[in-house]
**Student:** 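Here it is, the structure, as structure tokens.
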Amino acid sequence: MRSKVVCNCRLGSKCRTGVFISVPLRSTFCVGTSYILAVKVSYIVAVIMVDYKVQGSFAILEVNNPPVNALSHAVRSGLNDGIEKASRDRNVKAVIVCGKGATFPAGADIREFSKPKKEPWLPEIGHKMEKCEKPVIAAIHGTCLGGGLEIALFCHYRIALKTARVGFPEVQLGLLPGAAGTQRLPRVAGLQVAMDMISSGRHVLATEAKKYGIIDELCLKAVKASVDFPYEKGLEMETEFFKQLLGSGQSKAQQYAFFAERTIARWEMPNGNYRTAVAKPVKSTAVIGAGTMGSGIVVCLLSAGIPVYLMEQNEKFLNNGLKMIKSIMEGSVKLGKVSPEVGRKAATLLKPTMNYNDLKDVDLIPVLVKTCRGFLANRMHGPFGTEGTFLVEEGALPSQVDRVMEDFGLPIGPFKVRDLSGVDIAYKIKQEVAKLLGIKTTLQTRFMNGERYCALNDRLFHLGRLGRKTGKGYYKYEKAGGKIATEDSDVTDIIEKHCKELGIQRRQISSQEIVERMMYSCINEGFKILEDGIAVRPEDIDVCYLYGFSFPRYLGGPMFYANQIGLQRVYERICYYHENFPYSPHWVPSRLLRKLAAKSVPMNEWMAYATGSKL
Ligand SMILES: CCCCCCC[C@H](O)CC(=O)SCCNC(=O)CCNC(=O)[C@H](O)C(C)(C)COP(=O)([O-])OP(=O)([O-])OC[C@H]1O[C@@H](n2cnc3c(N)ncnc32)[C@H](O)[C@@H]1OP(=O)([O-])[O-]
Ligand SMILES: NC(=O)c1ccc[n+]([C@@H]2O[C@H](COP(=O)([O-])OP(=O)(O)OC[C@H]3O[C@@H](n4cnc5c(N)ncnc54)[C@H](O)[C@@H]3O)[C@@H](O)[C@H]2O)c1
């Protein structure tokens with residue numbers, strides 16, 4: 001099954017070895033150059049990702065698995081074979097372990113965590129290195145992380161470039177170091193440093209690491225004593241904990257989040273993608289609309305030294321916008337975000353106008369005028385906020401909803417957020433919608449345009465309870481502008497009065513109902529967003545949530561969370577709430593979700609169903 005292939009070795013088309021091997025994992029390579037990575041065994045090709053070289057009396061084990069030299073099975077096999085070979089070779093007096101290209105190994109290959117485990121294991125290789133009678137030296141550059149640092153800790157010596165970074169980022173993947181890191185780092189760097197590095201996952205500069213003794217170019221750090229247990233027992237426990245964590249949903253979500261962040265960088269649009277896109281120079285711009293968004297974008301452009309025409313419909317709005325821009329710019333200078341010089345220059349770069357002719361030659365025009373329903377995060381968060389208010393109208397208290405959602409993992413509950421952003425903002429958005437529909441709402445309004453409406457927020461607004469800024473909103477605060485939220489019995493009275501006036505029978509609401517109604521309503525909207533082609537992949541939505549709303553990383557994001565719960569279950573509950581709340585259009589089940597739930601489609605194939613290519 002050997003096909004004619006193009007060689008990918010360093011020599012490219014000049015390669016004359018004439019022997020090509022198809023390497024399933026890493027494209028194609030020729031036999032016969034220093035780059036040779038493949039050895040043919042029948043149809044199966046073993047990939048060698050550690051180059052073994054002897055220079056003088058040194059054996060060099062150079063890991064060659066770009067881009068980050070992750071410790072895949074092939075790398076582990078290469079290190080294992082390399083250390084055995086170097087031990088046997090009488091000409092070799094010392095062994096150097098290093099990484100080719102940008103970095104020393106940056107850790108285990110995370111993609112292999114979901115596959116069947118294959119020997120040799122990292123600790124086994126590490127122990128071989130440690131037991132090697134010849135000195136084994138880790139030569140570190142780039143990012144020496146996770147399993148990479150564990151390998152370095154097994155070496156007898158560690159030397160590093162000043163720019164190198166070391167760390168145990170496993171915690172960000174819901175794991176702990178699993179190849180003796182928890183046992184060896186405390187012995188080398190002390191308990192406190194080890195605890196800090198393992199629990200924070202932070203990358204430490206080599207110069208700092210040297211102080212801790214992690215990088216040690218002088219002597220063998222053979223610390224035999226252990227803190228609580230003998231080394232072997234400690235290692236056994238570490239392996240057990242690592243395996244437990246690896247199988248946990250939390251770690252799966254964090255691994256998913258790691259790859260989702262990288263997947264979204266590979267964007268595709270109908271007219272191009274991340275590879276084909278070429279940045280065009282932007283020398284002049286115009287922003288239409290000097291409201292909240294427009295002013296913010298003007299400030300970004302001015303801070304980058306780009307001239308901007310600011311276009312508004314009348315002088316009053318134009319002046320308001322100019323005032324806002326001036327104030328944001330001054331604030332940025334004060335906070336040191338932009339230099340005073342950039343701040344001064346900004347005034348000369350900004351050209352207010354009400355004449356469209358001025359815009360005819362500019363390179364870029366962001367239009368920020370009419371209110372839209374939100375693109376992605378705001379659109380999905382709409383049902384989330386609405387359900388929160390409905391739950392309170394039906395029997396929950398704002399503090400109960402907040403507590404349940406904070407226990408779920410959100411950094412701050414939805415009503416605390418509303419107090420933070422301002423009760424008046426939520427009120428004004430509703431009023432704008434009502435105005436567009438030609439409807440006047442009152443405190444008794446229960447339906448707007450055939451949809452359920454809750455006037456509870458309006459009540460708080462009319463009572464001047466605008467949130468933190470007035471010292472009271474859904475909570476009370478120590479002062480206007482205060483930050484410490486405490487429950488307020490007045491709010492309970494307002495809610496009860498509201499329900500009484502409207503004849504609403506309040507009931508006990510369970511935590512499960514709160515989580516389901518808040519999360520499933522926004523997940524349903526998420527599937528509609530995929531269906532509409534607003535987001536290209538579920539990862540786009542999840543990363544928006546991780547960064548935009550500090551959604552807990554250990555749940556991956558709302559779409560991954562739905563996948564973990566099971567789409568069939570999520571779909572059934574959405575149908576249930578749709579039946580019970582027929583006047584809330586956000587419960588109309590997404591067609592895409594229905595299709596996916598019926599077929600149990602894996603997450604990486606969802607979009608094929610959204611685009612119809614799998615139907
Ligand atoms: C008996 C039990 C034994 C258990 C042994 C356990 C061992 C150990 O304790 C566990 C670990 O090491 S856990 C691991 C601990 N280590 C970590 O968590 C380190 C994670 N990595 C990082 O933090 C960053 O990648 C760097 C800072 C290394 C480089 O940043 P940068 O220069 O901005 O580059 P970039 O854009 O970020 O990545 C480039 C490409 O490489 C890909 N890729 C990267 N790492 C990968 C990996 N480990 N794997 C696979 N792939 C990995 C990445 O997806 C991307 O691919 P794409 O297809 O092009 O999208
Ligand atoms: N504010 C947010 O947090 C946010 C977030 C995401 C998206 N958006 C979207 O950004 C857009 C702008 O939002 P905003 O909050 O800045 O609104 P805004 O109401 O604060 O500002 C809009 C401005 O556009 C001006 N305008 C209207 N028609 C115009 C015209 N024909 N020519 C010139 N100017 C005109 C108005 O006078 C007003 O000053 C909307 O589509 C909104 O949905 C806003």
Side-chain angles (χ1 to χ4, degrees), residues 65-72 75-76 99 101-113 117-126 142-151 153 165 167-182 185 198 201 203 235-236 238-243 245-246 251 254-255 258-266 274 286-298 310-321 324 353-354 356 359 366-379 381 421 425 428-429 432 548:
N65 181 19
V68 301
N69 287 325
L71 295 157
S72 63
V75 171
R76 297 199 303 277
T103 182
F104 195 83
D109 187 336
I110 306 166
R111 290 180 208 275
E112 284 185 357
F113 285 166
K117 310 286 169 282
K118 280 204 221 163
E119 291 184 4
W121 305 112
L122 273 186
E124 186 185 326
I125 302 163
T143 38
C144 166
L145 305 173
L149 179 54
E150 287 171 310
I151 282 292
L153 287 169
R165 288 174 181 275
F168 279 128
E170 281 85 345
V171 64
Q172 279 146 17
L173 300 168
L175 295 170
L176 50 74
T182 64
L185 186 61
I198 291 169
H203 299 184
L235 201 59
E236 203 180 286
E238 182 198 71
T239 306
E240 182 49 36
F241 293 147
F242 184 84
K243 284 183 181 162
L245 286 173
L246 198 57
S251 173
Q254 288 179 235
Q255 289 169 40
F258 175 84
F259 288 116
E261 282 166 354
R262 281 146 185 91
T263 301
I264 62 156
R266 292 190 287 268
Y274 73 104
V287 170
I288 304 184
T292 314
M293 290 297 282
S295 302
I297 289 175
V298 167
L310 179 61
M311 169 83 193
E312 256 294 349
Q313 53 184 340
N314 64 41
E315 213 167 325
K316 183 179 154 216
F317 287 120
L318 191 57
N319 285 334
N320 284 347
M324 195 163 7
T353 180
M354 284 182 293
Y356 277 102
L359 317 189
V367 180
L368 297 132
V369 289
K370 282 209 179 83
T371 305
C372 66
R373 214 184 132 208
F375 307 107
L376 194 158
N378 284 358
R379 173 170 162 188
H381 234 48
S421 60
I425 303 297
K428 280 178 190 156
I429 291 171
E432 207 169 302

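First listed ligand is number 1; within each ligand, the first listed atom is number 1.
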**Student:** Return yes when G181 approaches ligand 1 closer than 4.0 angstrom through a heavy atom, no otherwise.
**Tutor:**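 G181: no contact with ligand 1 (<4.0 Å).
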**Student:** How does N378 reach ligand 2, by side chain, by backbone, by both or by neither, if only non-hydrogen atoms under 4.0 Å count?
**Tutor:**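 Side chain only; the backbone of N378 stays clear of ligand 2.
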**Student:** Need the ligand 1 atom indices (1-based, order shown) with element for anything under 4.0 Å from a heavy-atom of P177.
**Tutor:**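 Matching atoms, with element in brackets: 9 (O).
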**Student:** For F258, take its heavy atoms, then give the atoms of ligand 1 lying under 4.0 Å from any of them.
**Tutor:**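 Checking each atom against F258, I get 20 (C), 21 (N), 22 (C), 44 (C), 45 (N), 54 (O).
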**Student:** Between ligand 1 and E261, can you find any atom pair, the residue atom being a heavy atom, that is separated by under 4.0 Å?
**Tutor:**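 Per 4.0 Å heavy-atom rule, E261 does not contact ligand 1.
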**Student:** Could you list the atoms of ligand 1 found under 4.0 angstrom from a heavy atom of E150?
**Tutor:**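 Those of ligand 1 that fall under 4.0 Å from E150 are 7 (C), 8 (C), 9 (O).
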**Student:** Quick one: does ligand 1 sit under 4.0 Å from the side chain of Q172, the backbone, both or neither, non-hydrogen atoms only?
**Tutor:**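 The answer is neither; Q172 stays 4.0 Å or more away.
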**Student:** Report, in ascending order of atom number, the atoms of ligand 2 lying under 4.0 Å from any heavy atom of Y356.
**Tutor:**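 Near Y356, the atoms of ligand 2 are 31 (N), 32 (N).
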**Student:** I'd like to check which ligand 1 atoms, numbered from 1 as shown, lie under 4.0 Å from a non-hydrogen atom of T143.
**Tutor:**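 Heavy-atom distances to T143 below 4.0 Å select 28 (C).
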**Student:** Mind checking whether A108 contacts ligand 1 via backbone (N, CA, C, O), side chain (CB onward), both or neither, at a 4.0 Å heavy-atom cut-off?
**Tutor:**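 Within the 4.0 Å criterion, A108 contacts ligand 1 through backbone and side-chain atoms alike.
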**Student:** Measure the distance from atom 35 (P) of ligand 1 to every protein heavy atom, then report the residue, atom name and distance (to 0.1 Å) of the closest one.
**Tutor:**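 Looking only at protein heavy atoms, the one closest to atom 35 (P) of ligand 1 is R262 NE, 3.5 Å.
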**Student:** May I ask you to identify, for F259, whether its side chain, its backbone, both or neither come under 4.0 Å of ligand 1 on a heavy-atom basis?
**Tutor:**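 It is the side chain that gets close, since no backbone atom is under 4.0 Å.
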**Student:** Could you list the atoms of ligand 1 found under 4.0 angstrom from a heavy atom of L173?
**Tutor:**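 Every atom of ligand 1 under 4.0 Å from some heavy atom of L173: 13 (S), 14 (C), 18 (O).
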**Student:** Under 4.0 Å from a heavy atom of F242: give me the atoms of ligand 1 that qualify, with their elements.
**Tutor:**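 So the atoms of ligand 1 that pass are 2 (C), 4 (C), 6 (C).
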**Student:** Going by the order shown, which atoms of ligand 1 are within less than 4.0 Å of some heavy atom of P67?
**Tutor:**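 Near P67, the atoms of ligand 1 are 39 (C), 40 (C), 41 (O).
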**Student:** For ligand 2 and M293, I'd like to know whether there is a polar contact (N/O to N/O, distance under 3.5 Å).
**Tutor:**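 Min N/O separation from ligand 2 is below 3.5 Å for M293.
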**Student:** What part of V68 sits under 4.0 Å from ligand 1 if we count only heavy atoms: the side chain, the backbone, both or neither?
**Tutor:**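 For V68, only side-chain atoms sit under 4.0 Å from ligand 1.
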**Student:** Quick one: which ligand 2 atoms are inside 4.0 Å of a heavy atom on G291?
**Tutor:**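 By the 4.0 Å cutoff, the relevant atoms are 16 (O), 18 (P), 20 (O), 21 (O), 23 (C), 39 (O).
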**Student:** Using a strict cut-off of 4.0 Å, indicate which atoms of ligand 2 neighbour a heavy atom of I288.
**Tutor:**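 Atoms satisfying the 4.0 Å criterion: 32 (N), 33 (C).
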**Student:** List the residues meeting side-chain hydrogen bond (donor to acceptor under 3.5 Å, both in side chains) with E312, not counting sequence neighbours, and say none if there are none.
**Tutor:**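 If we apply the side-chain hydrogen bond (donor to acceptor under 3.5 Å, both in side chains) test to E312, skipping adjacent residues, there are no hits.
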**Student:** I need the nearest protein heavy-atom contact for atom 56 (O) of ligand 1: residue, atom name and distance, please.
**Tutor:**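 Here the nearest protein heavy atom works out to R111 NH2, 3.7 Å.
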**Student:** Does the protein put a heavy atom under 4.0 Å from atom 42 (C) of ligand 1?
**Tutor:**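 For atom 42 (C) of ligand 1 the answer is no, since every protein heavy atom stays at 4.0 Å or beyond.
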**Student:** May I have the step-by-step check of side-chain contact (heavy atoms from CB on, under 4.5 Å) for I288 and L359, ending in yes or no?
**Tutor:** CA-CA 10 Å; I288 304 184; L359 317 189; 4.1 Å; yes
**Student:** When only distance counts, is E312 in polar contact with ligand 2, meaning an N/O pair under 3.5 Å?
**Tutor:**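 Yes.
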**Student:** For atom 27 (C) of ligand 2, which of Q313, K316, K428 has the closest heavy atom?
**Tutor:**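 Looking at heavy atoms only, the winner is Q313.
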**Student:** State the atoms of ligand 1, each with its element, that fall below the 4.0 Å cut-off from a heavy-atom position in G147.
**Tutor:**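 Numbered from 1, ligand 1 contributes 8 (C), 11 (C), 12 (O).
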